[in-house]
Amino acid sequence: GIQVEQSPPDLILQEGANSTLRCNFSDSVNNLQWFHQNPWGQLINLFYIPSGTKQNGRLSATTVATERYSLLYISSSQTTDSGVYFCAVDWGNQFYFGTGTSLTVIP
Amino acid sequence: DGGITQSPKYLFRKEGQNVTLSCEQNLNHDAMYWYRQDPGQGLRLIYYSQIVNDFQKGDIAEGYSVSREKKESFPLTVTSAQKNPTAFYLCASSIARGSPLHFGNGTRLTVT
């Protein structure tokens, strides 16, 4: 099957700092999605980004499909950004999830 | 409001009992999915359905069963054959397979 690796596994930031989360995948994929899982377990769609760059407020994402990676940028982090960030890749007939990056933003 | 409703939020069962988790969506999506999440892990696919009366096994289907009699409903039964049923279960839907996934709020199942 496909391997989906996220880094770093854990990240602690001071409020206001910027960060970059990475998702590497081992094969060509049809699509890629980024999610934020809040402390209550709810998974929130951030980006659906098979290639290119998208921005939504303080968050942006870039996928370089030919090099098999995607980056999620968080600028001016807030405590509400805390949680786990997952990437999921559409490969074969399903989405495969990475193991996530756990982000803690401290005031 | 359109969305995906999972119930109950918390579920407790004794070992050896079957239990059914509910998932309903009013997004008019064709595809529905069940994922399992264990602590510190990503999500793993249990079953998915692309159309009514049809469903496919995911990577960890053993010990689970599903039905898709209506477009808006995709219940998951955790049977007594599932060796480690305690987990967080998430239901998702998408317009079609490969389209963006939308998730419900999950059901935390504890089996003792």
Side-chain angles (χ1 to χ4, degrees), chain A residues 1-11 21-26 28-51 54 56 61 63 65 70 72 83-104, chain B residues 2-11 21 23 25 27 29-51 54-61 86-110:
Chain A
I2 191 170
Q3 305 301 313
V4 183
E5 297 178 350
Q6 292 187 242
S7 60
D10 299 283
L11 189 56
L21 282 58
R22 188 176 181 102
C23 174
N24 290 335
F25 40 97
S26 59
S28 299
V29 300
N30 299 316
N31 288 299
L32 185 144
Q33 204 167 350
W34 281 99
F35 297 91
H36 174 216
Q37 187 169 41
N38 65 24
W40 298 272
Q42 187 180 16
L43 271 165
I44 299 161
N45 294 329
L46 295 177
F47 296 100
Y48 180 77
I49 182 168
S51 64
K54 290 186 177 180
N56 185 4
T63 297
S70 183
L72 178 69
V84 183
Y85 290 81
F86 290 102
C87 65
V89 300
D90 181 10
W91 184 83
N93 59 359
Q94 62 173 287
F95 274 92
Y96 287 86
F97 283 73
T99 53
T101 291
S102 177
L103 174 64
T104 303
Chain B
I4 302 169
T5 301
Q6 290 188 242
S7 60
K9 189 172 181 178
Y10 298 95
L11 193 52
L21 282 59
C23 178
Q25 55 100 358
L27 299 168
H29 285 175
D30 283 325
M32 296 187 74
Y33 312 80
W34 275 106
Y35 287 89
R36 169 182 172 137
Q37 186 179 26
D38 294 288
Q41 303 287 320
L43 280 66
R44 292 182 292 166
L45 183 65
I46 305 172
Y47 268 99
Y48 68 98
S49 167
Q50 298 186 56
I51 195 168
D54 184 61
F55 46 82
Q56 307 296 327
K57 292 181 179 181
D59 292 336
I60 57 166
T86 295
F88 186 45
Y89 291 88
L90 288 149
C91 177
S93 70
S94 63
I95 292 173
R97 204 215 69 73
S99 299
L101 295 174
H102 300 266
F103 281 88
N105 289 337
T107 293
R108 292 191 187 277
L109 173 64
T110 302

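Just so it is clear, the model here is predicted, and its values are computed rather than measured.
- With a threshold of 4.5 angstrom between heavy atoms, A:Gln94 approaches chain B through its backbone and through its side chain.
- Ranked by heavy-atom pairs under 4.5 Å with chain A, the list B:Asp59, B:Asn105, B:Leu101, B:Leu45 is led by B:Leu101.
- In this structure, A:Phe97 and A:Phe35 have side chains that are in contact, with non-hydrogen atoms separated by less than 4.5 Å.
- Within the 4.5 Å cutoff, the side chain of A:Cys23 has heavy atoms near those of the A:Trp34 side chain.
- Heavy atoms of B:Arg108 lying under 4.5 Å from chain A belong exclusively to its side chain.
- With hydrogens and angles left out, the side-chain atoms of A:Gln37 and B:Gln37 include a donor and acceptor closer than 3.5 Å.
- Residues of residues 39-46 of chain A that come within less than 4.5 angstrom of chain B, heavy atom to heavy atom, are A:Trp40, A:Gly41, A:Gln42, A:Leu43, A:Asn45 in numerical order.
- For A:Asp90 and B:Arg97, the salt-bridge test passes: some basic side-chain N is under 4.0 Å from an acidic carboxylate O.
- Contacts of A:Phe95 with chain B are made by both backbone and side-chain atoms, with heavy-atom separations under 4.5 Å.
- Side chain of B:Thr110 to backbone of B:Thr86: no donor-acceptor contact under 3.5 angstrom is found.
- Side-chain atoms of A:Ser102 do not come within 3.5 Å of backbone N or O of A:Asp10 as any donor-acceptor pair.
- Chain A forms more heavy-atom pairs under 4.5 Å with one residue of B:Ala31, B:Gly42, B:Gly106 than with any other, namely B:Gly42.
- When side chains are defined from C-beta on, A:Asn93 counts as touching B:Tyr48, because their heavy atoms get closer than 4.5 Å.
- For the atom pair B:Gln50 CD and B:Tyr33 OH, the distance stands at 6.5 Å (nearest 0.5 Å).
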